[in-house]
Amino acid sequence: AEFAARYSEEELIEKAPLIHKYFHDDVQKKAMRNMILDEGVRLDGRKTDEIRPIWCEVGYLPAAHGSAIFTRGETQSLTTVTLGTKLDEKVKDEVLVQGTEQFVLHYNFPPFSTGEAKAARGLSRREIGHGHLAWRALKPMIPLGEDNPYAVRVVSDILESNGSSSMATVCAGTLALMDAGVKLRKPVSGIAMGLISDSETGKWAVLSDILGDEDHLGDMDFKVTGTKDGITATQMDIKVDGLSYEVLAAALEQARKGRMHILGKLTECIAEPREDYKPCVPRIVQIVIPQDMIGPVIGPGGKVIQEIQKQTGTTITITEDDQKGIVDVFGVEKSAIDAALQRIKEIVAVPEIGETYHGKIKSIVPFGAFIELGQSIEGLVHISEMAMRHIDTPAQVVKAGDEVKVKVMEINPERRRISLSMKAAAEELGFEIDVDESVQAEEKPARRKKDEAPAEAEVVEVETVDAE
């Protein structure tokens with residue numbers, strides 16, 4: 001104020017950049033650094049290893065698959081988790097890398113988070129870098145592949161920022177993932193460390209949980225993330241020529257203590273992942289089928305799998321991995337998923353003697369009925385095995401298209417014949433087989449004996465009429 005009083009209002013406007021540089025970058029910087037090195041007191045009155053107050057909550061957004069809000073001082077992240085199918089995975093189509101990414105993390109840093117009023121443009125390099133750091137921190141702890149059939153998307157929206165919003169994203173991401181029921185191997189926390197050093201005096205001080213000004217006026221921004229057992233990701237920006245082993249070791253140890261403190265706050269909020277997903281999360285059931293059964297499940301031109309999806313209201317994806325097929329069935333209702341799984345299991349089932357199966361009558365012959373057990377798998381139920389008593393014709397019990405329970409009695413691999421029994425299945429499962437007495441067997445023409453002469457043909461006289 002005394003310095004500004006020397007100049008007129010016009011001169012102050014003209015010299016504003018120089019005044020800001022002098023007082024903020026020189027005077028304030030020196031004062032801040034001397035206060036920390038000499039007194040051990042930081043800009044906001046904290047000690048060098050003190051962490052700002054933490055407040056967090058899970059399930060903050062009730063309709064999201066998983067959500068959490070994490071606040072540390074003046075930095076706050078609202079993070080959501082969305083679970084999807086393999087069709088929702090990120091597609092990588094680069095020059096040297098092609099494939100999909102099951103886990104993605106998006107980091108948004110809107111202008112209002114730092115009190116700015118400006119248009120929200122496209123993502124900056126800063127946002128991409130911060131998001132990638134948080135992604136690297138969480139990815140090692142997220143089960144992927146067969147352990148987790150879902151595609152996982154984490155979105156962090158920074159609501160306010162004054163120091164390390166990327167580390168807030170890591171902490172909020174851990175909470176949101178556990179709230180969603182994703183079985184994290186271990187919870188992850190993160191902290192940003194700073195450094196104040198004086199090359200002339202040789203003094204230095206490592207700062208925990210740095211502010212925005214401490215990042216700007218300090219010598220280092222060192223971000224460390226990890227679990228209680230180790231580090232998952234790091235990132236360092238330094239403004240000095242280098243760091244001694246002593247300084248780096250001290251920074252890592254102080255970061256470990258800070259991470260443990262933050263991790264304790266996270267586990268107080270939610271100690272472990274939820275046992276089950278929330279009701280709004282569509283369910284996925286994953287099964288493994290033989291590689292040679294992938295074709296029959298898909299069908300010609302995708303006819304079979306499309307029919308199953310249409311009839312059950314589910315989404316089915318099949319991927320080939322290590323000489324086997326991984327089938328994911330995705331649906332909202334459990335009954336729909338169970339119906340789709342039953343259809344798939346019927347297609348890939350390999351009949352075993354003594355087992356009971358669900359089959360469909362394909363055709364009826366005088367001596368029994370051919371039953372379809374799965375895609376390209378058929379068996380024969382002899383007429384003597386269709387009911388508990390003697391019947392005259394298979395039509396008294398079944399008709400083409402009926403679905404029945406049958407038991408496998410015999411398999412002849414050489415002749416590729418499967419003998420089935422409806423009677424044995426009924427006895428095992430405890431149900432009755434109805435016989436329709438009104439249906440009569442077709443009468444066959446009697447066979448003539450060898451010494452019997454053929455019947456004489458009847459001669460019919462035809463009267464002709466003269467055209468004249």
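The CD atom of E385 lies 9.5 Å from the CD1 atom of I433; values are rounded to the nearest 0.5 Å. Rounded to the nearest 0.5 angstrom, Y357 OH and L420 CG are separated by 10.0 Å. Summarising the geometry, atom CG belonging to L243 is positioned 6.0 Å from atom CG belonging to L248; distances are rounded to the nearest 0.5 Å. One distance of note links CD1 of I353 with CD of E410; it measures 7.0 Å at 0.5 Å rounding. The structure places CG of D44 at 8.5 Å from CG of D209, a figure rounded to the nearest 0.5 Å. Between the CZ atom of R343 and the OG1 atom of T312 there is a distance of 8.0 Å, given to the nearest 0.5 Å.
Note on K186 versus D229: salt bridge recorded, some NZ/NE/NH1/NH2 to OD/OE distance being below 4.0 Å. We find that K324 and D322 are not joined by a salt bridge, their nearest charged nitrogen and carboxylate oxygen being 4.0 Å or further apart. For the pair E214 and R42, the salt-bridge criterion is met [side-chain N within less than 4.0 Å of a carboxylate O]. Salt-bridge check for D49 with K257: failed, with every basic side-chain N at 4.0 Å or more from each acidic carboxylate O. A salt bridge links E253 to R256: at least one charged side-chain nitrogen sits closer than 4.0 Å to a carboxylate oxygen. Of the charged side-chain nitrogens involved, at least one lies within less than 4.0 Å of a carboxylate oxygen, so that E101 and K92 count as a salt-bridged pair. Salt bridge annotation for D237-K223: absent, with no cationic side-chain nitrogen under 4.0 angstrom from a carboxylate oxygen.
The only member of I308, T314, I284 that meets side chain to side chain contact (heavy atoms under 4.5 Å, CB included) when paired with V329 is T314. Between S77 and the choices S113, S156, S166, the side-chain hydrogen bond (donor to acceptor under 3.5 Å, both in side chains) rule is met once, by S156. A side chain to side chain contact (heavy atoms under 4.5 Å, CB included) with K139 is found for one member of L144, L105, V152, T232 and no other, namely L144.
With a 6.0 Å radius and a threshold of 12 heavy atoms from other residues, nucleotides or ligands, K265 has its NZ atom at or below the threshold. In the displayed structure, Y245 atom OH is contacted under 6.0 Å by at most 12 heavy atoms of other residues, nucleotides or ligands. Residue Y60 places its OH atom among 12 or fewer non-hydrogen atoms of other residues, nucleotides or ligands, all under 6.0 Å distant. Enclosure of atom CD in E432 is not indicated, since only 12 or fewer non-hydrogen atoms of other residues, nucleotides or ligands lie within 6.0 angstrom. For E355, the CD atom is densely surrounded, since the number of other residues' heavy atoms within 6.0 Å is greater than 12.
Under a 3.5 Å cut-off, the side chain of K183 and the backbone N or O of G181 do form a donor-acceptor pair. In this structure, the side chain of T75 does not engage the main chain of T71 through any donor-acceptor pair within 3.5 Å. For the pair S165 (side chain) and S161 (backbone), a donor-acceptor distance under 3.5 Å is absent. For H132 (side chain) and I128 (main-chain N/O), no donor-acceptor pair under 3.5 Å exists by modelled atom type. Looking only at distances, a side-chain donor or acceptor of Q98 sits under 3.5 Å from a matching main-chain atom of E94. Under the 3.5 Å distance criterion, the side-chain polar atoms of H65 are matched with a main-chain donor or acceptor of L83. Side chain of T174 to main chain of V188: a donor-acceptor pair is present (N/O by atom type, distance under 3.5 Å, no hydrogens or angles). Using a distance-only test at 3.5 Å, with no hydrogens or angles considered, a donor-acceptor pair links the side chain of N162 to the main chain of G212. Side-chain N or O atoms of E427 include none that pairs as donor or acceptor with a backbone N or O of A424 at under 3.5 Å. Side chain of N148 to main chain of P143: a donor-acceptor pair is present (N/O by atom type, distance under 3.5 Å, no hydrogens or angles).
T317 is not listed as a side-chain neighbour of V327, based on a closest heavy-atom distance of 4.5 Å or more. Side-chain contact between L138 and F103 is present, with heavy atoms from C-beta onward closer than 4.5 Å. At a threshold of 4.5 Å between non-hydrogen side-chain atoms, the residues I298 and K303 do not count as touching. When side chains are defined from C-beta on, Y150 does not count as touching D88, because their heavy atoms never get closer than 4.5 Å. No side-chain heavy atom of V154 sits under 4.5 Å from any side-chain heavy atom of T80. At a threshold of 4.5 Å between non-hydrogen side-chain atoms, the residues T169 and I158 count as touching. A heavy-atom distance below 4.5 Å is found between the side chains of I262 and C171. Using a 4.5 Å heavy-atom threshold, the side chains of I287 and I344 count as touching.
In plain terms, the two heavy atoms of C280 and A63 that are nearest each other are SG-O, 3.7 Å.
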Step-by-step side chain to side chain contact (heavy atoms under 4.5 Å, CB included) determination, S208 to M193: CA-CA 5 Å; S208 296; M193 309 298 293; 3.3 Å; yes
Could you go step by step and tell me if H358 and E403 meet the side chain to side chain contact (heavy atoms under 4.5 Å, CB included) rule? CA-CA 7 Å; H358 184 83; E403 295 185 356; 2.9 Å; yes
Would you sort out whether K362 and E378 count as a salt bridge (Lys or Arg N to Asp or Glu O under 4.0 Å), showing the intermediate values? CA-CA 9 Å; K362 188 172 183 181; E378 290 184 8; 2.5 Å; yes
Hey, mind stepping through I318 and I326 against side chain to side chain contact (heavy atoms under 4.5 Å, CB included) and telling me if it holds? CA-CA 6 Å; I318 302 177; I326 299 175; over 6 Å; no
Could you walk me through whether K360 and D402 pass the salt bridge (Lys or Arg N to Asp or Glu O under 4.0 Å) check? CA-CA 6 Å; K360 185 177 182 180; D402 284 353; over 6 Å; no
Under the side chain to side chain contact (heavy atoms under 4.5 Å, CB included) rule, what do D292 and I294 come out as? Steps first, then yes or no, please. CA-CA 6 Å; D292 57 355; I294 295 177; over 6 Å; no
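Neither side chain, Q309 nor T315, offers a donor N or O lying under 3.5 Å from an acceptor on the other.
Within the cation-pi definition used here (under 6.0 Å to the ring centroid, within 45° of the axis), R283 does not qualify as a partner of Y277.
Not counting sequence neighbours, K423 has no partner by the side chain to side chain donor-acceptor pair (under 3.5 Å) test.
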